[in-house]
Amino acid sequence: MRRLFVILALLTFGLLTFALYEGMVAAPTEQTMGEVQRIFYYHVPSAVTAFTLFLINFVVSIIYLARRSPRVDALAVSTAEVGVVFCTVVLVTGPLWARPVWGIWWTWDARLTSTLLLWLIYVSYLILRRYSTSGQTPVIAAVLAVFGFLDVPFVYLANRLFRTQHPQPVYFGGPGSGADPRMTFALLMNMAAFFAFAALVVWLRFRLERARQDFEETQALEALLQPDVRSPR
Amino acid sequence: MSLAEITRVSLAKDLRLEWRSKDAINSMLFFALLVVVIFSFSFDPTAEESRHIAGGLIWVAFLFAAVVALNQTWARELRNQVLDAYRVSPAPANALFISKAVGNFIFVAVLETLMAPLFMVFYNLRSIGPAYELVVVAILATWALVANGTFFAAMSIRTRSREVMLPLILFPISIPALLAMVSATTAILTGEGSARFWVVLLAVYDVVFTTVCLLLFETVLHAE
């Protein structure tokens with residue numbers, strides 16, 4: 001297990017390095033925006049990764065409510081935490097890109113607001129987990145995850161009426177969409193690298209959570225076996 | 001007993017408790033009053049301007065005030081292990097949820113009825129659009145707040161510092177509903193544009209989240 005992790009970590013590191021080179025050096029400079037546009041290779045992959053993690057969190061939360069398996073809950077915590085980190089990257093790189101290109105840091109348009117709301121919902125999810133006192137934290141958290149995910153379409157709809165400043169998807173966006181093949185390649189490489197990196201961190205976090213669950217279980221068992229001892233610690 | 005009967009009995013008990021103690025309504029009323037006064041100091045609205053911001057002020061005040069009542073919903077049942085008794089009783093969990101949500105709906109509706117004239121006076125409001133639509137918006141919006149609020153209050157009693165916890169989990173989920181109720185109210189007050197889209201959005205929000213609440217409440221009630 002440990003060896004596999006090291007190998008995967010090295011592979012991910014290599015992929016990230018290669019993707020960095022592709023995005024920063026190999027991809028051509030964009031015509032109107034110039035070098036600033038290169039932040040695209042981080043902004044979009046982070047967003048896709050974060051949304052994917054939140055989607056996984058939603059799915060495993062439902063599975064948890066049906067099965068009540070601690071393994072599934074460990075996956076739910078890991079994806080939510082790592083998802084919040086990637087979502088934070090999106091929310092930081094977005095304004096950094098918007099300032100030179102749009103002239104403003106932030107605007108309340110559909111995509112920006114939805115992303116911010118998603119971030120808020122999952123932060124509240126993490127806070128709830130942290131503050132919960134009962135042994136049923138996973139159940140309550142899973143329920144909140146379901147609510148949070150169902151909220152997303154409403155957020156998007158509610159913002160739909162506002163004018164949008166965020167560009168339409170560059171790919172599959174009808175006529176005039178698409179980009180230089182070198183750019184596409186750099187984007188895909190970064191996407192792959194970010195996914196690999198996220199998967200690696202989620203795995204690490206998952207193992208940590210499993211270890212914590214085991215520890216708590218052992219502690220509870222010890223407390224049961226030694227009723228005279230006040231605290232097993 | 002049927003679900004309707006249990007709901008009715010539980011609701012009657014809550015209403016009687018509230019009628020005799022007036023805990024929730026008094027604290028909500030005073031809280032909302034304070035918010036109105038503080039807002040009027042921090043914005044200094046003129047009559048024309050106030051029409052544009054009043055929708056936001058009204059609903060933020062009601063949202064904050066509702067949290068005061070929502071926090072008391074389940075705290076009352078923790079004393080003397082009433083909630084544990086509910087858990088072991090064969091009564092359906094949803095009867096409890098519906099009675100609590102309807103109870104909160106009534107409390108917040110009373111608050112809104114009492115506060116609305118005050119808003120009209122303090123902010124010199126006069127609806128330009130059709131005023132009866134405001135009632136529809138108020139009903140849908142209040143339900144959106146209290147259904148989720150009652151549900152989340154049941155979750156937050158399982159946490160440390162639960163009074164703080166409720167707004168932390170309720171507000172993010174309620175933001176789209178809040179946006180819809182504020183936009184609808186502003187559209188009606190200013191007479192600019194139609195509130196139809198927002199009313200429909202609110203109605204769909206109510207239906208979706210009430211359904212989820214009913215599906216998951218039993219899980220939350222038994223999570224101990």
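Just so you know, these numbers use all the heavy atoms, side chains as well, and skip hydrogens, waters and symmetry mates. Fair warning: this is a prediction, and the values are worked out from it, not measured in the lab. Letters A, B, ... mirror the listed sequences (proteins, then strands); counts begin at 1.
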Asks: Are B:T159 and A:I140 packed together at the side-chain level, in the sense that at least one heavy-atom pair is separated by less than 4.5 angstrom?
Replies: no
Asks: Can you tell me how far the CG atom of A:D151 sits from the OG atom of B:S174, to the nearest 0.5 Å?
Replies: 7.5 Å
Asks: Taking atom CD as the centre, does B:E218 end up with more than 12 heavy-atom neighbours from other residues, nucleotides or ligands that are less than 6.0 angstrom away?
Replies: no
Asks: So B:F209 and A:F154, would you call those rings parallel, tilted or perpendicular, with 30° and 60° as cut-offs?
Replies: tilted
Asks: Can you tell me which of B:L201, B:N148, B:V164 forms the most heavy-atom pairs within a distance under 4.5 Å of chain A?
Replies: B:L201
Asks: How many angstroms lie between OG in A:S124 and CD1 in B:I173, if you round to the nearest 0.5 Å?
Replies: 6.0 Å
Asks: At a heavy-atom separation under 4.5 Å, does A:L118 approach chain B through its side chain, its backbone, both, or neither?
Replies: neither
Asks: Under the side chain to side chain contact (heavy atoms under 4.5 Å, CB included) criterion, do A:T137 and B:R158 qualify, and how do the steps go?
Replies: CA-CA 8 Å; A:T137 312; B:R158 310 258 184 272; over 6 Å; no
Asks: Check whether A:V146 gets within reach of chain B through its side chain, its backbone, both or neither, counting any heavy atom under 4.5 Å.
Replies: side chain
Asks: Determine whether B:V220 and A:V139 make a side-chain contact, defined as any pair of heavy atoms from C-beta on separated by less than 4.5 Å.
Replies: no
Asks: Non-hydrogen atoms of chain A under 4.5 Å away: do they reach the side chain of B:M155, the backbone, both or neither?
Replies: both
Asks: Using non-hydrogen atoms and a 4.5 Å limit, figure out which bit of A:R129 sits close to chain B: side chain, backbone, both or neither.
Replies: neither
Asks: Got more than 12 heavy atoms from elsewhere within 6.0 Å of CZ, A:R212?
Replies: yes
Asks: Can you name the ring-ring contact (aromatic ring centres under 6.0 Å, His included) partners of A:W105, sequence neighbours left out?
Replies: none
Asks: Quick one: does A:V155's side chain get under 4.5 Å of B:I175's, heavy atoms only?
Replies: no
Asks: Which value, rounded to the nearest 0.5 Å, describes the distance between B:F171 atom CZ and A:I121 atom CD1?
Replies: 14.0 Å
Asks: Taking CZ in A:R68 as the centre, count heavy atoms belonging to other residues, nucleotides or ligands within less than 6.0 Å. Is the count above 12?
Replies: yes
Asks: Does any part of the side chain of A:F147, heavy atoms only, come nearer than 4.5 Å to the side chain of B:I169, both counted from C-beta?
Replies: no
